[in-house]
Amino acid sequence: MTEMEEGRGFEHPLGTYIQLDLRHLGAKKILERLPGIRSICIDFIGIDPVKEPIPIMPSQHYSMGGIDVNEKGASKIEGFYAAGECACVSVHGANRLGGNSLLDTIVFGKLAAKDIENNLAKTKLKPKEKPLQKLIVKVENKINRLAQSGGERPYKLAADLGAIMSEKVGVFRTKKELVQALDEVIKIKKRYKNVSISSTDKHMNYELHNALELEYMLEVAHTIVLGALLREESRGAHFRRDFTTRNDKKWLKHTIAKMGKKGEPLISYKEVKITNYQPMERKY
Ligand SMILES: Cc1cc2nc3c(=O)[nH]c(=O)nc-3n(C[C@H](O)[C@H](O)[C@H](O)COP(=O)(O)OP(=O)(O)OC[C@H]3O[C@@H](n4cnc5c(N)ncnc54)[C@H](O)[C@@H]3O)c2cc1C
């Protein structure tokens with residue numbers, strides 16, 4: 001990141017990148033230890049890391065946090081479960097270790113499925129037709145509103161949102177950048193009210209799919225920015241350049257976001273339950 005910020009990146013239509021040079025490892029080691037990485041480079045960009053440096057740029061590959069659930073995948077809303085990356089069972093802390101997504105999907109997916117099975121017969125919840133019908137009408141109205149002409153296209157807003165989140169809400173953050181990002185995200189949320197799609201056809205209509213998804217992306221982005229702005233410390237993948245150390249006294253707590261009446265995130269905090277292992281700094 002710093003290399004790019006300091007102007008040592010290379011420009012490309014897809015974004016600024018730097019080069020990762022593995023040539024010093026030699027062909028034997030690369031072929032033995034990194035055959036997968038090598039074949040991705042050859043297949044996707046026609047570059048052989050044995051002979052050339054690899055162009056790289058920062059990208060998100062996991063979302064820490066998610067829907068607040070217990071170890072059985074159950075949320076606070078009766079009958080509503082979440083498992084996988086969208087859920088936060090809270091085993092990863094502020095930085096998921098490599099490979100641990102398997103835990104989310106395989107272990108907690110299974111535990112959630114078992115709990116659903118065990119509780120299904122006991123549950124007092126009955127499928128209610130009325131709320132479901134109401135929801136269908138709500139979504140239909142939303143789709144019809146998206147068909148209005150003359151508004152901005154969803155891909156433009158998604159691109160603007162992506163650029164802001166990458167530039168100002170990456171691993172390294174400052175209050176100044178986060179305040180700017182918050183302002184920009186709120187502006188895009190306003191622009192979203194006037195977004196237009198070219199067809200409401202429900203079959204393979206990616207523009208419609210993207211437009212609907214964008215609303216959720218904006219809600220999540222708003223929550224991430226606000227949570228990061230308020231958390232004045234550095235922890236895991238959240239590195240505040242203006243608060244560079246971890247502050248357990250003030251910040252050993254979970255950030256909880258609920259949706260306010262106007263669709264805005266309302267932030268509160270929850271205590272961290274520590275059992276066998278004390279949280280420690282991750283060192284390499
Ligand atoms: C580049 C990259 C590298 C990674 N490397 C590793 C690694 O080495 N080790 C590791 O453990 N993890 C890794 N991860 C993370 C891991 O891949 C993910 O955490 C994991 O695949 C998430 O699985 P999931 O089933 O929870 O979610 P997903 O695989 O994201 O599945 C969610 C599904 O829900 C669908 N969906 C979304 N919204 C709706 C909706 N409204 N209605 C219906 N369907 C919907 C989506 O289309 C998708 O198919 C990596 C991730 C990335 C991006």
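Just so it is clear, the model here is predicted, and its values are computed rather than measured. Just follow the structure's listing: the first ligand is 1, and inside any ligand the first atom is 1.
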Between the side chains of [X] and [Y], is a donor N or O closer than 3.5 angstrom to an acceptor N or O?
X    : Y    : value
D115 : Y81  : yes
N100 : D104 : no
R240 : T174 : no
H238 : R173 : yes

### Query
Quick one: which of N95, N247, D248 gives a side chain to side chain contact (heavy atoms under 4.5 Å, CB included) with R235?
D248

For ligand 1, list every N/O pair with the protein closer than 3.5 Å, one pair per line with the distance.
{"unit_1": "ligand 1", "atom_1": "11 (O)", "unit_2": "R96", "atom_2": "NH1", "d": "3.4"}
{"unit_1": "ligand 1", "atom_1": "11 (O)", "unit_2": "G99", "atom_2": "O", "d": "3.2"}
{"unit_1": "ligand 1", "atom_1": "11 (O)", "unit_2": "S101", "atom_2": "N", "d": "3.1"}
{"unit_1": "ligand 1", "atom_1": "12 (N)", "unit_2": "R96", "atom_2": "NH1", "d": "3.4"}
{"unit_1": "ligand 1", "atom_1": "12 (N)", "unit_2": "S101", "atom_2": "OG", "d": "3.2"}
{"unit_1": "ligand 1", "atom_1": "19 (O)", "unit_2": "E85", "atom_2": "OE1", "d": "2.5"}
{"unit_1": "ligand 1", "atom_1": "19 (O)", "unit_2": "S101", "atom_2": "OG", "d": "2.9"}
{"unit_1": "ligand 1", "atom_1": "26 (O)", "unit_2": "E85", "atom_2": "N", "d": "2.8"}

### Query
Do you know the tightest heavy-atom contact between L214 and P154?
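So the minimum-distance heavy-atom pair works out to CD2-O, 3.6 Å.
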
